[in-house]
Protein chains: 2
Amino acid sequence: MPEIRYRQIAEDLRKKIESGEIDHDTQLPTEMELREQYDASRNTVRDAIKLLMTRGLVETRPGQGTFVVTKISPYVTVLTGEADASAGQGDIYMQEVTASRRRPTTTDPRVEIQKSVGTVADALGLDKGTTVVSRHQQRFIDGTPWSLQTSFYPMTLVVRGADRLIQAPDIPEGVVAYLRNEIGLAQVGYRDKVTVRAPDANETAFFRLPDDGRVAVFEVFRTAFDQDGHPFRLTVSIYPTDRNQFTINVGKVPDELRHQQESAEIQSGHPG
Amino acid sequence: MPEIRYRQIAEDLRKKIESGEIDHDTQLPTEMELREQYDASRNTVRDAIKLLMTRGLVETRPGQGTFVVTKISPYVTVLTGEADASAGQGDIYMQEVTASRRRPTTTDPRVEIQKSVGTVADALGLDKGTTVVSRHQQRFIDGTPWSLQTSFYPMTLVVRGADRLIQAPDIPEGVVAYLRNEIGLAQVGYRDKVTVRAPDANETAFFRLPDDGRVAVFEVFRTAFDQDGHPFRLTVSIYPTDRNQFTINVGKVPDELRHQQESAEIQSGHPG
DNA sequence: GGGTATTTGTCCGTATGTATT
DNA sequence: AAATACATACGGACAAATACC
């Protein structure tokens, strides 16, 4: 154990939190009170609190105090669906297994024509700088920001006749079904790559994350393949790690009986 | 943009880093130099550096300086293998697609008899407190800590004849193959749940992570099901998020041609 | 709405400790 | 042993956000 003051204080507070002595969503003593309790300076107490913050145990609210964070029941996304997913609701082809009545809503896609950068060109098997169509959406669950999603398609698909990719703000039957019906392009499989990184400024704002990099985000790259084994779409989805989890089913698995924990809590909800 | 001094300084440094003006693995100006450059106090400069640290852009080394972090090429783990995985090498049943010559090594399992806690009992469909066998392993790639893995089996499997679960330190043909041959229990599928959380003290030490909670860990729960649709194993695997990534293949996907980036770097290697 | 007390956020200066070269 | 650079700890001052009257 370190003899360093602010770590000792943080350790002591951590124990009190995890033992339940200080309950969820309740307030810690103020910095002045802690300063007296531990006979340390206010800055040292603040260093201890900062440590607990990066560890995700507490949060501070200016003008109010320091509070033990409330765990929110996570959104569950199943990454293994049908390979030929004709899931039907526009670009939302990832199936969601969530608690009862949770329902995702989605903004209309923002459609752009772009030069493909390295990552996109790489995944789609194109040369860097090739023109691609991007369709960007914000997704919410019960009104709270859930995910940012951008799909990239080679411009050649539009040339081949799928012109609604760049026209229609929304494609009700789903892009996969549309491409199959319109130009005979079928999705036979996809590959997901899941990584974690710090959020950028846009993501921090949209998800209302703390503006230091404490809460990381999942970055899911989904590359879809057609009947010839060629990639024809890259979808990049971003999810905050503090309220999301993924499920992957392989082989024969029973349906998930979702024993919903009673302690289901309202979305944390900084009053701000 | 905020008029807050330490955020301005952090922003300015971030731009210089991301524009490449300060290259990877090179040193930033010292705190004293930054103090003069920005005409701020040393503490304010340090606040800026702390912000860049939680965002994972720089790292500090006492006695040396502040350095731009070097991204390390990630270990890639494929979560979708064969449902009846008889993968052959003991408890390592997750297939690894990694750069050339990377090879995992594994410690002998530490075998324990435990009372199942909530999570384990839940996943295995047992009552809380039921006896289970746990087999814990540390896994390395090229000698660097890669993953911590613990598998839980109901004690009833041992009663049914699979006594090497509690005896043998290692089961060369793999636990799945052993259970099939010994007691006719076949794995027909599994379900993975992937979450991210802050590391605990053990994990921080084993992975040699910074001792604040900056670097989170993946927590992968794999529940394996037998031919009757009953869960018979829970495996919990921990991976640091800063050097791991997961791949999920669904449907028909081409083999991955791993265009290894030339910039492959040695493991970051805090000299500590 | 306004004013005030409370609480955290920012910024400064200084001193001393610890790790590395 | 000495110099350098970051880490810890203290104290003080003022700003900003919030709650309450």
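All chains are named by letter (A, B, ...) in the order of the sequence lines, taking the proteins before the strands, and each is independently numbered beginning at 1. What you are looking at is a predicted structure, and each value in this text was computed from that prediction instead of being measured.
- Between C:dT7 and A:Thr66, no contact under 4.0 Å exists linking OP1 or OP2 to a side-chain N or O.
- Atom CG of A:Leu34 sits about 5.5 Å away from atom CD1 of A:Ile49, to the nearest 0.5 Å.
- Using cut-offs of 30° and 60° on the angle between ring planes, the pair A:Tyr239 and A:Phe246 is perpendicular.
- Salt-bridge formation is detected for the pair A:Arg7/B:Asp211: a Lys NZ or Arg NE/NH1/NH2 atom is positioned less than 4.0 Å from an Asp or Glu carboxylate oxygen.
- The nearest whole Å value for the distance from the CG atom in A:Asp211 to the P atom in D:dA16 is 16 Å.
- Without hydrogens or angle criteria, B:Asp200 side chain to B:Glu203 main chain gives a donor-acceptor distance under 3.5 Å.
- Look at A:Gln64 and you won't find any side-chain N or O under 4.0 angstrom from OP1 or OP2 of C:dT8.
- To the nearest 0.5 Å, atom CD of residue A:Gln149 and atom CZ of residue A:Arg139 are 4.0 Å apart.
- Put simply, CD on B:Glu59 is 13 Å from P on D:dC6, counting in whole angstrom units.
- Side-chain N or O atoms of B:Gln64 include none that pairs as donor or acceptor with a backbone N or O of B:Arg61 at under 3.5 Å.
- With both pairing distances under 3.5 Å, D:dA1 is matched to nothing as a Watson-Crick or G-U wobble pair.
- In this structure, A:Met53 places its CE atom 11 Å from P of C:dT8, rounding to the nearest Å.
- The interatomic distance linking A:Glu36 (CD) with D:dC10 (C1') rounds to 16 Å, in whole Å.
- For B:Glu31, whose side chain is taken as the heavy atoms from C-beta onward, the closest listed nucleotide among C:dG9, D:dA7, D:dA5 is D:dA7.
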Per-nt protein contacts along nucleotides 10-15 of chain C (heavy atom under 4.0 Å; B base, S backbone sugar-phosphate only, - none) come out as BSBBBB
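- Distance B:Gln27 CD to C:dT21 P: 11 Å, rounded to the nearest Å.
- With the nearest nucleotide of DNA chain C identified for both A:Pro29 and B:Gly63, A:Pro29 has the one nearer the 5' end.
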